Amino acid sequence: MVAALSEAHSALEHGDVPVGAVVVIDGRIVAARHNERELTGDPTAHAEVLALRDAAATRDGWRLSDATLVVTLEPCPMCAGAALAARVGSVVFAAPDPAGGALGSSYHVGSDPRLGYEFDVVSGPGALESAELLRAFFGDRRA
């Protein structure tokens with residue numbers, strides 16, 4: 001989570017919402033990204049999607065069943081869907097997103113048997129630091 005939080009701080013450099021994600025395989029970080037929607041003008045440039053793309057590029061295929069996606073904020077429906085599509089083994093997220101989180105708060109994409117694949121979800125590690133970073137970011141925007 002330390003690496004994901006470091007990535008989240010990097011998003012601030014270009015005015016993006018401070019969310020960071022890393023993909024871990026066999027105890028090694030194979031991809032690390034942060035939100036880049038403002039930087040690139042791409043609405044899909046969420047940290048999770050970018051990290052999953054980078055991780056898949058290190059392999060001979062797109063399946064990441066041995067990977068853990070570690071992210072500072074509960075993934076939205078798009079990002080939870082990307083984790084599902086990548087067939088990740090698990091997702092670990094720091095802060096919940098009561099308004100739009102799709103791994104337990106508003107929906108639970110990772111445990112819906114109708115979607116044909118399920119993955120483990122762990123929440124909480126790094127939640128306080130991540131939530132404070134997000135509060136400060138949005139507080140500055142509203143001020």
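Quantities reported herein were computed from a predicted structural model and do not represent experimental measurements.
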Between Arg59 and Asp66 (salt bridge meaning N to carboxylate O under 4.0 Å), is one present in this structure? yes

Kindly state whether the ring of His34 and the ring of His14 have centres lying under 6.0 angstrom apart. yes

What I'd like to find out is whether the side chain of Val24 reaches to under 4.5 Å of the side chain of Val70, using heavy atoms alone. yes

Enter the distance from Glu74:CD to Ser105:OG here, rounded to the nearest 0.5 Å. 3.5 Å

Taken to the nearest 0.5 Å, the spacing of Asn35 CG from Leu12 CG works out to 10.0 Å

Do the charged groups of Asp112 and Arg114 touch, with an N to O distance under 4.0 Å? yes

Considering non-hydrogen atoms only, spot the tightest contact between Glu48 and Leu73 and give its length. OE2-O, 3.9 Å

Are the side chain of Ser130 and the backbone N or O of Ala127 linked by a donor-acceptor pair below 3.5 Å? no

Are side-chain heavy atoms of Arg33 and Asp54 found at a separation under 4.5 Å? yes

Is Met78 reachable from Val23 through a run of I, L, V, M, F, W or Y residues, each pair having side-chain heavy atoms under 4.5 Å apart? no

Would a 4.5 Å heavy-atom cut-off, applied to side chains only, mark Glu129 and Leu134 as touching? no

Using a 4.5 Å cut-off on heavy atoms from C-beta on, say whether the side chain of Ser90 contacts that of Val122. no

Pro77 versus Val109: any side-chain heavy-atom pair under 4.5 Å? no

Please lay out, stage by stage, how Trp62 and Leu52 fare under the test side chain to side chain contact (heavy atoms under 4.5 Å, CB included). CA-CA 9 Å; Trp62 54 267; Leu52 290 167; over 6 Å; no

Could you tell me whether the side chain of Met1 reaches within less than 4.5 Å of the side chain of Leu5, counting heavy atoms only? yes

Should we say atom OH of Tyr117 is surrounded by more than 12 heavy atoms from elsewhere, each under 6.0 Å from it? yes

Work out which heavy atom in Phe119 is nearest to a heavy atom in Val91; give both atom names and the distance. CE1-CG2, 3.4 Å

Can you name the closest pair of heavy atoms from Leu50 and Ala45 and give their distance? CD1-O, 3.8 Å

Between Asp42 and Arg37 (salt bridge meaning N to carboxylate O under 4.0 Å), is one present in this structure? no

Give the C-alpha distance, both sets of side-chain angles, the deciding distance and a yes or no for side chain to side chain contact (heavy atoms under 4.5 Å, CB included) between Val92 and Val71. CA-CA 6 Å; Val92 176; Val71 61; over 6 Å; no

Non-hydrogen atoms of Ala8 and Gly20 that approach each other most closely: CB-N, 3.6 Å

Between the OG1 atom in Thr40 and the CG atom in Asp16, the distance rounded to the nearest 0.5 Å is 7.5 Å

Closest non-hydrogen atom pair, Val19 against Ala47: O-CB, 3.5 Å

For a 4.5 angstrom cut-off between non-hydrogen side-chain atoms, does Ser111 reach His108? yes

Is it the case that more than 12 heavy atoms not belonging to Leu115 sit under 6.0 Å from its CG atom? yes

Take Phe93 and Leu69 through the test side chain to side chain contact (heavy atoms under 4.5 Å, CB included) and record every step on the way to the result. CA-CA 8 Å; Phe93 68 84; Leu69 174 63; over 6 Å; no

For a side chain to side chain contact (heavy atoms under 4.5 Å, CB included) check, start with the C-alpha distance between Leu103 and Asp97, then their side-chain angles and the critical distance, and finish with the verdict. CA-CA 9 Å; Leu103 291 180; Asp97 182 359; over 6 Å; no

Ignoring hydrogens, what is the shortest heavy-atom contact between Ala95 and Ala131? Give both atom names and the distance. CB-N, 4.2 Å

